[in-house]
Amino acid sequence: MLQSATGAPGIRWIALPRRFAGVRVTVQELADRVRRWIRPGERRILGITGPPGTGKSHLAGALAAALGDRVVLVGMDAFHLANAELVRLGRRDRKGAPDTFDTDGYLALLHRLRDQRTGTIYAPVFDRSIETVIGSAIPIPAEVPLVITEGNYLVHDDEAWVEVRDVLDEVWYLDTPATERARRLLGRRRSFGYATEQAASWVRDVDAVNAEVVEQSRERADLIVQLDNEPTPLTAANLPRFTAPVTTPDYPRDPEGIKVVHFGVGGFHRAHQAMYFDALLARGEHWGICGVGTLPQDTAIRDALNAQDQLYTLLTVAPDGRETVRIIGSHFAHLHAPDDPAAVIERLAHPDTRIVTLTITEGGYGVDDATPDSALGLITTGLATRRERGLPAYSVVSCDNILHNGRVAREAILGYAARTDPELADWIAGNVAFPNSMVDRITPATSEEVRADVAALGIDDRWPVRSESFTQWVIEDSFSNGRPELAALAEAGVQVVEDVTPYEMMKLRLLNASHQVIGQLGLLAGATEVHEVMRDPKFAEFVDGYLREEGLPTLPEVPGIDLDRYCTQLLERYGSEAVRDTLERLVTDASDRISTFLLPVIADQLAGDGRIERSTLTIAAWCQRLASGVEINDRRRDEVIAAARRDEQTPGAFLDLPLFGETGRNPKLREEFIRARERLRVDPHVG
Ligand SMILES: NC(=O)c1ccc[n+]([C@@H]2O[C@H](COP(=O)([O-])OP(=O)(O)OC[C@H]3O[C@@H](n4cnc5c(N)ncnc54)[C@H](O)[C@@H]3O)[C@@H](O)[C@H]2O)c1
Ligand SMILES: O=P(O)(O)OC[C@@H](O)[C@@H](O)[C@H](O)[C@H](O)CO
């Protein structure tokens, strides 16, 4: 038996110390070492130390995940003195320094962990989200062979701390470049809700000072470890390697369990419906999804998901900056219709298929656009095949931002079926449920920054998604072939109602319509992101005015919702810097968005003699941008640009576009519009 550093008998890692100094190692390699080191019936205590932000708790968590129930984690952080005591001692402004901990308390716990051979010892835990210690939170039964403790001062050599090192069998010093540490600390501080400047000054004036203290005693550690932070490829086999704060699916992911087929596997579906099904699967409801792409460009998502067993990372971020990271596992298979349309039909006609969901954008529902290869065409053929085989019809759930999206999907599918097989149309009319649903979660397109953030968490994901934390799904209880249990849906956060209309109107006329206000006027004023626009108090007031004085008066009562509070919450959501939603995304296909979200508000306000100036200024801003020749992404591009150019010569001509319908001819609107155009020519800023 070899001697440990303390002189107490113990097995030492002769092969490990120093050989690793300065060498990059993976968590897996370290876990293998620990596996060989621990012995049932004996107790080892491993310390992980290093400056703040170096990744100690991440490494400890990763080891714990790899080692399972053979290990318990105990943080030095749990011995933080309470804030009130720090205030009394005059040390509150440097919380985290060596003399801001109950060192003797920590030492006493380590001695008990070392010496007590029977019963269970309870350790406290430090809850970072509330910066508070919770006592007796971690049970450590005597038979647990390994305790990992991590903290800043495990090898610190001042009088108060020096003994700690001696109670530990082995201590690793985790060496991470200072710039990386500062980046992480800043992110962490901001996730606690601190403004950027406050967060930066804490990192500079407190954390960096403590880091210097920690660095001075690094030579007292047994190992200097540099973690190989190369992100781990996201695959099912690698799931156990992802540890806190990343959560992973732990339910069976068997293609036999597919009950849902989804068309249009874009960012929103992956942040929304797939997340709800992931929550349902985690609750034991076996509703797996098969994703389907129908457009040529959908090969990109097919290849990304196929390479990673259909898994992907969902990062959500709250207005106060707090993030969650979840690997979503609800997709079990993926089909690319252009490769093999028959396979898609077979999947749809499979006896287990119960629900078909869609996010194919507002433009995907044109009756005349449906062809056998389109999403609507395939869904119709799938229904025809089920009818032939005597199988019950699946429900079709549109999750696109369209008023009465279920009804619109129904009409589009019936229209297409009627053209090809009138009897089939009758069967669909009598057998297929098309519940309307309201869906909400702001989900920008995935940027390189999102990929980098996910990689920094150790996940090599080809196509992660980042969305806001807010999410809502309200759906009518109308299904032709079953649905998950109501209680499970409620637990997962899905609201099942009799009539979704008031919820749809609220969301489309407040959120989606105000997105047009922000997008059109924000771009005209030279901004690029939503939070940037909302930082301008005049602009925020303008959006608030649209919500409360133009959108809100046109709404019916919405059961269970305080509309005033909903508006306030929208403004908070838009203000979130971390979501980084782009104005360009909001104004894509503006001709669809303005006609479906904003125009109905104007029509109702005109009918009730209400205010329309902010809505009208938005349309004027759109016209002005079009006339100026900026690049736009709109399926009616040529038509809308030509109308905007005509408007330069004939004020008001823009409103003759067919998309404005009857409302475009209203004299009050035309007058207001001409005034708004003149005003924007002088000053493109609102306020
Ligand atoms: N992003 C959001 O914040 C959000 C929120 C609520 C609802 N939605 C709804 O989801 C839709 C998609 O948004 P996203 O952010 O996922 O966009 P996205 O660009 O990430 O994905 C769109 C998906 O739809 C497919 N698609 C587009 N047109 C299609 C068509 N004609 N037929 C079949 N498939 C088609 C694309 O191939 C892609 O898979 C929106 O148009 C909206 O109706 C989005
Ligand atoms: O997705 P669209 O194109 O219908 O509309 C753009 C945004 O208004 C929309 O995506 C919102 O972000 C979303 O509806 C929030 O739930």
Side-chain angles (χ1 to χ4, degrees), residues 262-275 291-302 304-305 312 316 334-338 344 356-371 373-379 397-403 405 408-409 412 437-447 450 463-474 503-504 506-520 530 569-570 573-574 576 579-598 633-635:
H262 180 81
F263 283 80
V265 186
F268 174 61
H269 164 74
R270 296 194 296 139
H272 190 268
Q273 303 98 63
M275 176 280 298
V292 178
T294 55
L295 303 185
Q297 63 267 34
D298 289 336
T299 47
I301 189 74
R302 173 199 67 188
L305 292 179
Y312 63 89
T316 67
H334 193 93
L335 295 171
H336 184 59
V344 177
V356 171
T357 51
L358 298 104
T359 48
I360 54 170
T361 79
E362 291 85 320
Y365 295 82
V367 183
D368 298 335
D369 302 336
T371 63
D373 300 334
S374 67
L376 299 184
L378 290 162
I379 293 170
V397 181
S398 165
C399 300
D400 278 296
N401 282 327
I402 305 174
L403 185 65
N405 50 16
V408 169
S437 78
M438 182 273 251
V439 290
D440 191 6
R441 181 167 238 188
I442 295 173
T443 311
T446 301
S447 61
V450 174
W463 207 333
V465 193
R466 176 160 67 195
S467 75
E468 63 173 342
S469 55
F470 181 93
T471 183
Q472 199 175 13
W473 193 2
V474 188
Y503 300 90
E504 290 182 296
M506 166 187 83
K507 197 256 169 169
L508 300 178
R509 291 184 176 201
L510 294 180
L511 190 154
N512 296 103
S514 67
H515 260 170
Q516 292 308 306
V517 176
I518 297 169
Q520 298 298 350
V530 174
Q569 197 178 19
L570 275 184
R573 291 167 67 190
Y574 294 160
S576 171
V579 174
R580 305 209 87 86
D581 201 7
T582 62
L583 304 179
E584 273 307 332
R585 180 184 83 84
L586 305 187
V587 302
T588 298
D589 281 327
S591 63
D592 279 333
R593 317 280 178 261
I594 290 202
S595 56
T596 52
F597 305 147
L598 201 58
N633 189 350
D634 195 306
R635 65 195 183 100

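For ligands, and for the atoms within them, numbers begin at 1 and follow the listed sequence.
Residue contacts with ligand 2 for Leu511 involve side-chain atoms from C-beta outward but no N, CA, C or O (heavy atoms, distance under 4.0 Å). Residue-level proximity to ligand 1 for Ile402 is absent, since no heavy atom of it falls below 4.0 angstrom. With a 4.0 Å cut-off on non-hydrogen atoms, Asn401 touches ligand 1 through its backbone as well as its side chain. Contacts between His272 and ligand 1 below 4.0 angstrom, taking non-hydrogen atoms only, are absent altogether.
For a threshold of 3.5 Å applied to N or O pairs, the pair formed by Thr359 and ligand 1 contains at least one separation below that value. The shortest N or O to N or O distance between Glu362 and ligand 2 is under 3.5 Å. Polar contact check, Asp581 against ligand 2: no nitrogen or oxygen pair lies under 3.5 Å apart. Annotation: Thr588 places no N or O atom under 3.5 Å from an N or O atom of ligand 2; distance criterion only.
What sits closest to atom 3 (O) of ligand 1 on the protein, heavy atoms only, is Thr443 N, 2.9 Å. Distance from atom 9 (C) of ligand 2 to its nearest protein heavy atom, with residue and atom name: Asn512 ND2, 3.5 Å. Among protein heavy atoms, the minimum distance from atom 36 (C) of ligand 1 is reached at Asp298 OD1, 3.7 Å. Closest to atom 12 (O) of ligand 2, if we only count protein heavy atoms, is Arg585 NH2, 2.6 Å. For atom 10 (O) of ligand 1, the nearest protein heavy atom (residue, atom name, distance) is Phe268 CD2, 3.4 Å. Regarding atom 25 (C) of ligand 1, its nearest protein heavy-atom neighbour is Gly264 CA, 4.0 Å. Shortest contact from atom 28 (N) of ligand 1 to any protein heavy atom: Ile360 O, 3.2 Å. Among protein heavy atoms, the minimum distance from atom 7 (C) of ligand 2 is reached at His515 ND1, 3.3 Å. Here the protein heavy atom with the shortest distance to atom 3 (O) of ligand 2 is Arg593 NE, 2.5 Å. Nearest to atom 21 (O) of ligand 1 among the protein's heavy atoms is Gly266 CA, 3.2 Å. Closest protein heavy atom to atom 33 (C) of ligand 1: Thr294 OG1, 3.2 Å. Residue, atom and distance of the protein heavy atom nearest to atom 16 (O) of ligand 2 are Asp440 OD1, 2.5 Å. Closest to atom 17 (O) of ligand 1 among all protein heavy atoms lies Gly267 N, 4.6 Å. Nearest protein heavy-atom contact of atom 1 (O) of ligand 2 is Asn401 ND2, 3.5 Å.
Side chains of His262 and Thr359: a donor-acceptor N/O pair is present below 3.5 angstrom, by distance only.
Ala370 and Leu376 make their closest contact through CB-CB, 4.2 Å (heavy atoms, listed as atom of the first residue, atom of the second, distance). Shortest non-hydrogen contact noted between Ala337 and Val292 is CB-CG1, 4.4 Å. Contact detail for Ile518 and Val530: the closest heavy-atom pair is CG2-CG1, 4.3 Å. Scanning all heavy atoms of the two residues, the minimum distance from Ser437 to Val397 falls at OG-CG1, 4.3 Å. Annotation for Asp400 and Ile360: closest pair OD2-N, 2.8 Å, computed over non-hydrogen atoms. Considering all non-hydrogen atoms of both residues, Leu583 and Gly519 come closest at CD2-CA, 4.1 Å.
Residues Asn633 and Glu584 are not in side-chain contact: their nearest non-hydrogen atoms beyond the backbone lie 4.5 Å or more apart. You'll find the side chain of Thr471 reaches within 4.5 Å of the side chain of Met275, heavy atoms only. Thr294 is not listed as a side-chain neighbour of Ser374, based on a closest heavy-atom distance of 4.5 Å or more.
Less than 4.0 angstrom separates some heavy atom of Thr361 from each of these atoms of ligand 1: 27 (C), 28 (N), 41 (O). With ligand atoms numbered from 1 in the order given, ligand 1 contributes 3 (O) to contacts under 4.0 Å with heavy atoms of Ile442. Close contacts between ligand 1 and Gly364 involve ligand atoms 31 (N) [criterion: under 4.0 Å to a heavy atom]. Counting atoms of ligand 1 from 1 in the listed order, those under 4.0 Å from a heavy atom of Arg441 are 2 (C), 3 (O), 5 (C). Against a heavy-atom cut-off of under 4.0 Å, Asp400 is close to the following atoms of ligand 1: 9 (C), 10 (O), 11 (C), 40 (C), 41 (O), 42 (C), 43 (O).
Not a single donor-acceptor pair under 3.5 Å links the side chain of Asp581 to the backbone N or O of Tyr574. Not a single donor-acceptor pair under 3.5 Å links the side chain of Ser576 to the backbone N or O of Arg573. Side chain of Gln516 to backbone of Ile594: no donor-acceptor contact under 3.5 angstrom is found.
Test Gln472, His272, Met506 against Asp440 for side-chain contact (heavy atoms from CB on, under 4.5 Å) and you get one pass: Gln472.
Under a 4.0 Å heavy-atom criterion, Gln516 is not in contact with ligand 2. Not a single heavy atom of Asp440 sits closer than 4.0 Å to an atom of ligand 1. The closest approach between Arg585 and ligand 1 falls below 4.0 Å for a heavy atom of the residue. Note on ligand 2: Lys507 sits in its first shell, one or more heavy atoms being nearer than 4.0 Å.
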Is there a side chain to side chain contact (heavy atoms under 4.5 Å, CB included) between Val587 and Arg593? Walk through the geometry before answering. CA-CA 8 Å; Val587 302; Arg593 317 280 178 261; over 6 Å; no
Determine, stepwise, if the pair Cys399 / Asn405 fulfils side chain to side chain contact (heavy atoms under 4.5 Å, CB included). CA-CA 7 Å; Cys399 300; Asn405 50 16; 5.6 Å; no
Does the side chain to side chain contact (heavy atoms under 4.5 Å, CB included) test come out yes or no for Arg441 and Trp473, once each step is laid out? CA-CA 9 Å; Arg441 181 167 238 188; Trp473 193 2; over 6 Å; no
Between Ile442 and Arg585, is a side chain to side chain contact (heavy atoms under 4.5 Å, CB included) present by the stated rule, with each step listed? CA-CA 11 Å; Ile442 295 173; Arg585 180 184 83 84; 3.8 Å; yes
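Between Arg270, Glu362, Glu468, it is Glu362 that holds the heavy atom closest to atom 41 (O) of ligand 1.
Under the 4.0 Å distance rule, the nearest protein heavy atom to atom 19 (O) of ligand 1 falls outside the cut-off.
Checked against a 6.0 Å centroid threshold, the rings of Phe263 and His269 do not count as neighbours.
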